[in-house]
Number of protein chains: 4
Amino acid sequence: MPYRSTDTTRRKKDAKRTAMMQAAVRVFAAKGYHAATVRDIVHEADVAVGTFYFYFPDKETLFGHLFEETAAFLLQAIEQALTSRTSLPAQLEAAIQAYINVAFYEPAVVQLLLVGGMGSVPSLAERRVEYREKLIRAWQRPLLVSLERREIEPQNARRTAEALVGAYDEIVFHLLASTQTEREAQQAVGEMVQFGLRAVGYLYQAE
Amino acid sequence: MPYRSTDTTRRKKDAKRTAMMQAAVRVFAAKGYHAATVRDIVHEADVAVGTFYFYFPDKETLFGHLFEETAAFLLQAIEQALTSRTSLPAQLEAAIQAYINVAFYEPAVVQLLLVGGMGSVPSLAERRVEYREKLIRAWQRPLLVSLERREIEPQNARRTAEALVGAYDEIVFHLLASTQTEREAQQAVGEMVQFGLRAVGYLYQAE
Amino acid sequence: MPYRSTDTTRRKKDAKRTAMMQAAVRVFAAKGYHAATVRDIVHEADVAVGTFYFYFPDKETLFGHLFEETAAFLLQAIEQALTSRTSLPAQLEAAIQAYINVAFYEPAVVQLLLVGGMGSVPSLAERRVEYREKLIRAWQRPLLVSLERREIEPQNARRTAEALVGAYDEIVFHLLASTQTEREAQQAVGEMVQFGLRAVGYLYQAE
Amino acid sequence: MPYRSTDTTRRKKDAKRTAMMQAAVRVFAAKGYHAATVRDIVHEADVAVGTFYFYFPDKETLFGHLFEETAAFLLQAIEQALTSRTSLPAQLEAAIQAYINVAFYEPAVVQLLLVGGMGSVPSLAERRVEYREKLIRAWQRPLLVSLERREIEPQNARRTAEALVGAYDEIVFHLLASTQTEREAQQAVGEMVQFGLRAVGYLYQAE
DNA sequence: TATGAATGAGAATTCATTCAT
DNA sequence: TATGAATGAATTCTCATTCAT
């Protein structure tokens, strides 16, 4: 009987592709972009070298996909948290919580975004810049609204957004490094919210 | 400046060593640790490959020295700014100003600390962690003092320090990217100070 | 035409085989033996890779068949032209005309014989040598007859045959490169005949 | 004492470069362009892989140099033979003799020009076409002169030149294959001259 | 028969590092 | 000290071929 496509086959192929990407995240997170060789990845995924190139044109492209997916996922989680609340404190808390959740559920994936080590390959550096830019814009939006409402002190919202992004990344990085208990993580969320509220000069803390 | 012909390193014999280190910073900053080849460095320094290995055991060690000196220099500049003032606002301003000064005078040097791309080589990753740790501790100290003096709101000073380090790095990164005029840089310093004071919950802004 | 659905090969099952061989000639002629990948061929034939290996044991063998058929076809065309005439001028003209006809009707096929690029794979190189040998012998035969009849100057017929084969190939190669009109092609045939008659030292041109 | 350059060193480097090129010719001639791996070449030259890339950017470029040198050398030999004589028979003989000399002195080198097997790599194919073109022009020149002088029959000199080039190449190819004695080679030269004179329709054979 | 996912040997190329001069 | 030719391990990527479905 001839080969049947688009049935089980298609699903299987996608599954393998996904499995390989997951293997890749692990390797990238463990060794960094450069130290991770294609051989490492296929070994982790338990396939042959050729298989890698059957699914991805090259290492850089794979990393690009990975980065894109990861970044989009995190971005979406944060943006949704920010937009689904109305008060600034609630927004901050939801977004931070979302970030922490993802970070602890997929540490490797998040490490990828934080450490990068993609300084050299131009296309990756650009991607990283774009992602940071989107992240900054996401944080900036609620700030602009709050500014208008005079809920926070007058300030350069863009600059504050940059600062918050940098601040939270650094904290998450340290949290991931010193493997925390759930409890500690929750405490950190609280501290991050407090930091954020102070940093934006939130005026009605009595709320 | 670090790794420059300072008091101790001004023996004539070290002229070449210094030249190579200066060349190395430029190359590392421009291409990242991995993409920068020893050939690139010696070419930039206008010496032969062999010469490199006369002065340094290997590429990693050179980068280590470079990183160490660079980090020490920046750290010292910031620490000295923080310790030579007494009021928190003055400390913040001086430290930020110091950081910005170095960043604009030696962009390559600072880029080295920020971008790194040293994710892969373990020894380099460790060094980076150590440096961040020292930086965090440096910022933490005045916070602890101010906490004691009840000049700032109660908080986890360590966490706040992490946040400030991350925040300022992110801002400096963006400042370096969008080449600013002196005037813009000064404005950024002001904004960074304001952000810092708010973020730590500085209580007597009337001062 | 060779490898086309001829009397013997017209079983339906061979339709795919034929399609693949036709596709193969095109690809080989366009890219040369090495640069032509099996993937290129199956893509051109619009079948899957596996199918290729169902019909042919390997790439080299396919090329072998192709070469053989192509060579046999051209050889047969030329030999038949040479044997079906009696006078040397008529033989020359018919053979050249046959060669040109095939060359312009199936440029890819002829290019295959001319360019080859089969220098590396030993079995292919041998095949090429055998084909040239047969071609030379084909041209040599009428020369020997004419020598006996003293219609041409005394000469080493074998050497002359080699020369003619080389000469005509070179000309056809140039003709194919500079796509000619039918008219130009005909003129070339005339010139090739003249060259041939002179080259063999044909004595009674008045005939 | 520091390293002294441009003295013995320079000469040595050139010598090695030349040695590697000679090794390369041997390998290319034996296996063809594609089958010849860089590893084969460095093994033949008894150096390390890296050394190859120290002297040449890549295999294709090396082959290009080789081809260029070889072609230029042969071309020059033939052109000089053609221009240093005045009568057509003398020109033919000198040029053929030059060709044969080179072919027997450097068989590998000449085989390179004849077989090529460079059908795939575009840059090489182009080079080959250029070389053939120059060769054809070189043979064409004396023909045009002789045409003007009415020493040869009216004809398309370009076409005749193409034919002669193809003819002689084929003959030389066979000569190299069936290793000849000096005596046989000389006889071949005579036959080639005779063929050439007949082929161009040389009128005053009494000369 | 037909498919196309999977394989892995092997090729080109890079680059940190060594060492004779 | 200084040089730069030489090294070779390691990496990426290709492609003919196999095989479960």
Response to the item:
Closest to the 5' end of DNA chain E, once A:K13 and B:D58 are matched to their nearest nucleotides, is A:K13

Item to complete: Map C:R39 and D:A36 onto DNA chain E by nearest heavy atom, then report which one ends up closer to the 5' terminus.
Response: C:R39

Quick one: [X] [atom1] to [N] [atom2], roughly how many Å, whole number?
{"X": "C:H34", "N": "F:dC15", "atom1": "NE2", "atom2": "C1'", "value": "12 Å"}
{"X": "A:D46", "N": "E:dA5", "atom1": "CG", "atom2": "P", "value": "19 Å"}
{"X": "A:H43", "N": "F:dT11", "atom1": "NE2", "atom2": "C1'", "value": "17 Å"}
{"X": "A:I41", "N": "F:dC13", "atom1": "CD1", "atom2": "P", "value": "11 Å"}
{"X": "A:K59", "N": "F:dA10", "atom1": "NZ", "atom2": "P", "value": "15 Å"}
{"X": "D:K12", "N": "F:dA5", "atom1": "NZ", "atom2": "P", "value": "12 Å"}
{"X": "C:L62", "N": "F:dT17", "atom1": "CG", "atom2": "P", "value": "11 Å"}
{"X": "A:M20", "N": "E:dA5", "atom1": "CE", "atom2": "P", "value": "13 Å"}

Can you tell which of [options] lies closest to the side chain of [X]?
{"X": "B:Y55", "options": "E:dG4, E:dT13, F:dT1", "result": "F:dT1"}
{"X": "D:F54", "options": "F:dA5, F:dA16, E:dA11", "result": "F:dA5"}
{"X": "B:V49", "options": "F:dG4, E:dT7, E:dA12", "result": "F:dG4"}
{"X": "A:T51", "options": "E:dA16, E:dT7, F:dA2", "result": "E:dT7"}

Fill in: Matching residue for D:F52 among D:F54, D:F56, D:Y55 - test: ring-ring contact (aromatic ring centres under 6.0 Å, His included)
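Of all the options given, the one that passes is D:F56.
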
Discussion item. Taking the nucleotide of DNA chain F with the nearest heavy atom to each, does A:T37 or C:V38 sit closer to the 5' end?
Written reply: A:T37

Worksheet item: C:T70 side chain to C:L66 main-chain N or O, any donor-acceptor pair under 3.5 Å?
Response: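 The answer is yes, because a donor-acceptor pair under 3.5 Å joins these two groups.
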
Discussion item. Using a 6.0 Å cut-off, check whether atom OH of B:Y53 has over 12 heavy atoms from anything other than its own residue.
Written reply: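 Atom OH in B:Y53 is packed in, count exceeds 12.
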
Practice prompt. Please determine if a side-chain N or O atom of A:K16 lies less than 4.0 Å away from the OP1 or OP2 oxygen of E:dA5.
Written response: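 No.
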
Worksheet item: OP1 or OP2 of F:dT14 sitting under 4.0 Å from any side-chain N/O of A:Y53?
Response: no

Practice prompt. Enumerate, in order of first residue number, the stems that involve DNA chain F, defined as 3 or more consecutive Watson-Crick or G-U wobble pairs with both distances under 3.5 Å.
Written response: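 Paired runs of 3+ in DNA chain F: E:2-21 with F:2-21.
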
Practice prompt. Indicate the atoms forming the closest heavy-atom contact of C:E44 with C:A23, along with that distance.
Written response: CG-CB, 3.4 Å

Practice prompt. Heavy atoms only: give me the nearest B:R128-B:L113 pair and the separation to one decimal.
Written response: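 Smallest interatomic distance, heavy atoms only, reads NH2-O, 3.5 Å.
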
Practice prompt. Specify whether D:Y33 and D:F28 have parallel, tilted or perpendicular ring planes, treating 30° as the upper limit for parallel and 60° as the lower limit for perpendicular.
Written response: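 Parallel.
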
Fill in: Separation between CZ of B:R26 and CD of B:E106, rounded to the nearest 0.5 Å
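One gets 9.5 Å once the value is rounded to the nearest 0.5 Å.
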
